[in-house]
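The chains referred to below are lettered A, B, ... by the order of the sequence lines, with proteins before strands, and numbering in each begins at 1.
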Amino acid sequence: MQTKRTIFNSKILPYWLILPQLAVTLIFFVWPACQAVWQSFLREDAFGTSTQFVGFDNYVAITQDSSYLNALIVTVIFSVAVATVSIVLALVLAVAANSLLKSRSLYTTLLVWPYAVAPAVAGVLFWFMFNPTIGLIPYLLKGLGYHWDDRLNGTDAMILVVLAASWKQISYNFLFFLAGLQSIPKALIEAAAIDGAGPVKRFRDIVFPLLSPTTFFLLVVNVVYTMFDTFAVIHATTQGGPNQATNILVYKVFTDGFIGLDLGSSAAQSVVLMVIVIALTFIQFRFVERNVQY
Amino acid sequence: MAAIDIKGVGKTYVGNVNAVSDISIAIADGEFIVLVGPSGCGKSTLLRMVAGLERITDGTVSIGGRVVNEIEPAERDIAMVFQNYALYPHMSVYDNLAYGLKNRGTPKAEIDARVAEAARMLELQPYLERKPRALSGGQRQRVAMGRAIVRKPAAFLFDEPLSNLDAKLRVTMRGEIKQLQKRLGTTSIYVTHDQLEAMTLADRLVVLNGGRIEQIGAPLQVYHHPASTFVASFIGSPAMNLLKANVANGVISIGDGETGLRAGLPDGPVTLGARAEDLRLSDSGVGMPFTLAFVEDLGAQRLLHGHCAGQSVVVAVSPDLPLPSELRLAIASDRLHFFTADTGKRIEAASL
């Protein structure tokens with residue numbers, strides 16, 4: 001495809017124009033990433049007075065650390081739960097909104113709002129709602145005979161962070177699903193209706209398969225989101241507790257590094273996370289392009 | 001196989017927008033009906049009401065003697081071919097053809113047999129395992145047809161199925177549709193805005209304009225006896241010449257000049273219609289003077305575009321006829337059509 005090109009007369013001007021973005025990327029992404037890689041090979045005392053090169057010792061140490069393996073399992077559960085909850089609910093909402101004619105744009109606007117809320121604020125919001133002493137939901141659950149306590153019960157804590165993290169992500173997924181649904185030609189649905197498929201069958205046989213590239217894309221994006229962007233949600237609600245039940249990898253990087261002051265181990269953990277995300281991004285680029293079913 | 005009876009059907013959208021009003025067509029079993037009209041005339045809406053994709057707000061539609069107004073599309077025993085084919089992009093050609101049968105719980109062996117039969121009829125056997133995107137436009141069109149015929153429905157509904165094909169393929173597919181319909185003998189309703197497609201395919205034409213029927217009739221009857229100026233200008237290429245004329249004492253004049261033609265009509269203004277091929281160049285020095293603007297050579301015929309008394313006229317003549325310097329037009333008076341000047345309805349004149 002021929003795209004319109006702008007021709008710069010000056011050879012230096014284009015570089016000046018991308019300089020700000022380049023500077024931001026280099027200073028805030030590339031440099032710290034390199035630092036982390038370097039740091040992961042070092043062992044430092046808390047005050048930085050003595051530094052020792054230890055090679056892969058930090059990596060070996062985290063593989064043998066049971067709390068790290070626990071964090072890995074917690075992260076997997078958390079990611080899968082958040083991705084599932086937010087994708088399923090977003091799809092339901094998108095299908096519902098798409099079936100409306102007049103009020104579709106109103107619902108779309110309302111459903112997109114949560115995305116504008118900062119993760120920490122979302123965390124605090126859910127922390128209040130589910131607070132065992134002052135929260136509304138524990139009070140209602142008590143009526144049903146369930147004693148909610150996310151400060152003592154690991155499962156309750158996990159449900160809390162999953163809900164808080166999903167809530168925001170639903171908006172994002174909803175937008176993609178709605179766009180996906182609208183790009184399915186109406187004639188296809190009508191053809192299926194004439195072919196004798198009821199609404200449920202039409203969704204299963206026609207709509208969902210045609211949305212599969214969108215779903216796969218969202219799955220990867222959501223997993224990446226839960227691995228990194230949920231730090232604020234965890235920090236504002238459970239802080240990894242109780243008893244490490246919600247201590248996900250990215251939160252453990254923070255606690256080990258900035259609270260435990262074990263900078264070498266923290267750096268090694270963040271390098272591992274970086275590798276995971278590079279792998280996920282690679283999978284996404286490799287397969288989203290290919291896995292389009294039609 | 002079934003007759004379709006459309007009785008007083010109308011469609012009113014929210015806000016009192018009348019898309020279609022008071023349409024009645026009795027379609028015999030096995031008949032090929034073409035709904036033709038310009039865009040926005042309601043032909044697609046009418047078809048979609050028969051299919052069950054639009055609610056019918058007035059009147060009734062019966063298929064095979066059963067009123068289907070409140071019956072789901074799937075239960076109406078019809079099959080539809082869509083403009084953009086509407087093939088399921090993620091399914092193979094085989095699955096596209098089989099989907100409607102599977103949904104109806106047809107036994108596997110029968111599905112195989114019917115798909116094989118349709119594929120053979122449409123020469124699709126080599127492509128059964130392919131996805132639609134790996135097919136050419138004509139092949140996709142065939143799959144869309146195949147999806148309709150495997151079901152052996154009571155009626156086929158075609159919604160401008162050829163408009164996405166190039167001109168050459170369109171002519172080929174047009175022939176195939178016609179043959180297939182004759183072979184299967186299935187009642188068909190076909191929507192198009194292309195009058196040539198309409199003329200060649202139809203057993204009977206229904207010309208629609210502004211949501212109303214202008215005329216129903218066999219193609220040649222519509223061609224030779226258009227019921228209104230709208231039909232006259234819509235059916236036939238080049239369009240029928242329509243001239244503002246005046247009748248005084250049975251003599252027709254156009255502009256200031258008398259034509260020398262006579263008609264058994266009351267005095268007053270009238271619209272005169274004449275097919276381009278019915279007009280001929282007069283060599284006797286009588287007839288309407290004709291100013292030539294430009295010539296279109298089509299090979300088999302030559303179209304002369306020009307004016308008679310300031311009104312544009314097209315004349316079709318034989319390409320090897322020499323053009324004299326001074327052109328005059330003549331026409332047999334039984335080839336003239338008359339329409340009222342205000343409503344455009346046809347007037348049958350007693351020729352003199």
(request) Without swapping roles, check the side chain of B/Tyr88 against the backbone of A/Ala192 for a donor-acceptor pair under 3.5 Å. (result) yes

(request) Salt-bridge test for B/Arg151 and A/Asp195: reply yes if a basic N is under 4.0 Å from a carboxylate O, no otherwise. (result) yes

(message) Counting only non-hydrogen atoms closer than 4.5 Å, does B/Arg48 touch chain A with its backbone (N, CA, C, O), its side chain (CB onward), both, or neither?
(response) side chain

(request) State, to 0.1 Å, how close A/Leu210 and B/His90 come at their nearest heavy-atom pair, and which atoms those are. (result) CD2-ND1, 3.5 Å

(request) Select one option (side chain, backbone, both, neither) describing which atoms of B/Ala134 are under 4.5 Å from chain A's heavy atoms. (result) neither

(request) Assess whether atom NZ of B/Lys7 is packed by more than 12 heavy atoms of other residues, nucleotides or ligands within 6.0 Å. (result) no

(request) Please report the closest heavy-atom contact between A/Ala193 and B/Ala74, naming both atoms and the distance. (result) O-CB, 3.3 Å

(request) Please report the shortest heavy-atom distance between B/Arg104 and A/Ile194, naming the atom on each side. (result) NH2-O, 3.1 Å

(message) Ignoring hydrogens, what is the shortest heavy-atom contact between B/Leu87 and A/Leu188? Give both atom names and the distance.
(response) O-CD2, 3.1 Å

(request) Evaluate whether atom NZ of A/Lys186 has more than 12 neighbouring non-hydrogen atoms of other residues, nucleotides or ligands under 6.0 angstrom away. (result) no

(request) Among the options B/Ala86, B/Gly52, B/Ala51, B/Pro73, pick out the one with the most heavy-atom pairs lying under 4.5 Å from chain A. (result) B/Ala86

(message) Taking CD in B/Gln125 as the centre, count heavy atoms belonging to other residues, nucleotides or ligands within less than 6.0 Å. Is the count above 12?
(response) yes

(message) Please check if the number of heavy atoms outside A/Tyr107 that lie under 6.0 Å from its OH is greater than 12.
(response) no

(request) Report the distance from atom CD1 of A/Ile189 to atom CG of B/Leu53, rounding to the nearest 0.5 Å. (result) 11.5 Å

(message) Ignoring hydrogens, what is the shortest heavy-atom contact between A/Glu190 and B/Phe82? Give both atom names and the distance.
(response) OE1-CE2, 3.6 Å

